[in-house]
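Reviewing the structure listed below.
Scope of the values below: all heavy atoms of this structure, side chains included, with no hydrogens, waters or symmetry mates.
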Amino acid sequence: LGSANRDLEQLTLEDTTDSTTGRLADQVFVFMARAVFKPSLAVPIAHYPSLNLSGEKIFSAAWEVVEALELFQIPVVSLVSDGAKPNRRFYNLCQLDASAEVPYKTANPFRQDSDLFFFCDAPHLLKTTRNCFSNSFAHSKS
């Protein structure tokens with residue numbers, strides 16, 4: 001984990017403050033591991049304060065975390081996130097088949113003949129749908 005920690009520390013240091021305005025990070029990106037057959041087992045693996053989270057930053061950090069888990073014989077079978085734009089960008093960066101409309105899996109380079117599947121977190125999707133319906137008439141005069 002030595003090189004992964006150094007790389008991730010650098011990512012964190014570069015992205016936690018804006019040198020021109022002095023503004024501190026306003027969001028935290030967290031990687032959690034959850035057991036498939038024991039859902040009550042959920043452990044935060046890594047967290048990154050961020051000012052400007054992008055799909056490219058998630059791409060670098062996610063593969064470092066997947067590699068570290070796989071090195072410790074902890075198989076990673078899926079990545080779950082909300083439908084935020086940086087997460088969708090990350091999924092597109094992982095896309096193997098450019099003709100696929102929606103990326104739903106990618107090869108796991110750290111485990112032979114294994115795929116990583118992408119899922120959107122259902123509660124976040126329901127919340128987003130609810131917010132879209134409640135805001136759809138916000139600017140009308142009826």
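- Qualifying side-chain hydrogen bond (donor to acceptor under 3.5 Å, both in side chains) partners for Asn92, counting only residues two or more places apart in sequence or in other chains: none.
- The stretch residues 32-45 participates, sequence neighbours left out, in no side chain to side chain donor-acceptor pair (under 3.5 Å) pair at all.
- Scanning both residues, Leu53 and Phe29, for their nearest heavy atoms gives CD2-CD1, 3.4 Å.
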**Study point:** side chain to side chain contact (heavy atoms under 4.5 Å, CB included) assessment of Ser54 paired with Phe90
**Key:** CA-CA 8 Å; Ser54 68; Phe90 163 68; over 6 Å; no
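- Looking at every heavy atom in both residues, Val28 comes nearest to His47 through CG1-CB, 4.0 Å.
- Ser60 places no side-chain N or O within 3.5 Å of a backbone atom of Lys57 that could act as its donor or acceptor partner.
- Neither Met32 nor Leu79 shares a network with the other; the hydrophobic side chains, linked directly or stepwise wherever heavy atoms of I, L, V, M, F, W or Y lie under 4.5 Å apart, form separate groups for each.
- Ring geometry for Tyr48 against Phe31 counts as perpendicular: the plane angle is over 60°, on a 0 to 90° scale with 30° as the lower cut.
- Rounded to the nearest 0.5 angstrom, Asn52 CG and Gln27 CD are separated by 7.5 Å.
- The side-chain contact (heavy atoms from CB on, under 4.5 Å) search around Ala33 returns Ile45, not counting sequence neighbours.
- Arg89 pairs by the side-chain hydrogen bond (donor to acceptor under 3.5 Å, both in side chains) definition with Glu56, not counting sequence neighbours.
- For the atom pair Ser78 OG and Asn108 CG, the distance stands at 11.0 Å (nearest 0.5 Å).
- Note that CG of Leu24 and OG of Ser50 are 12.5 Å apart. Values are rounded to the nearest 0.5 Å.
- Other residues sharing the hydrophobic cluster of Leu126, ordered by chain and number and joined by side-chain separations under 4.5 Å: none, the residue standing alone.
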Name the atoms and distances for all side-chain donor-acceptor pairs under 3.5 Å in residues 111-120, with sequence neighbours left out.
residue : atom : partner : partner atom : Å
Arg111  : NE   : Glu70   : OE1          : 3.2
Arg111  : NE   : Glu70   : OE2          : 3.3
Arg111  : NH1  : Ser114  : OG           : 3.1
Arg111  : NH2  : Glu70   : OE2          : 3.0
Arg111  : NH2  : Val76   : O            : 2.9
Asp115  : OD2  : Lys105  : NZ           : 3.3

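- For Thr106, there are no side-chain hydrogen bond (donor to acceptor under 3.5 Å, both in side chains) partners at least two apart in sequence or on another chain.
- Nearest heavy-atom pair across Val65 and Ala46 is CG2-CB, 4.2 Å.
- Linking Ile, Leu, Val, Met, Phe, Trp and Tyr whenever their side-chain heavy atoms come within less than 4.5 Å puts Val77 and Phe37 in one cluster.
- Of all heavy-atom pairs spanning Pro109 and Trp63, the tightest one is CD-CZ3, 3.5 Å.
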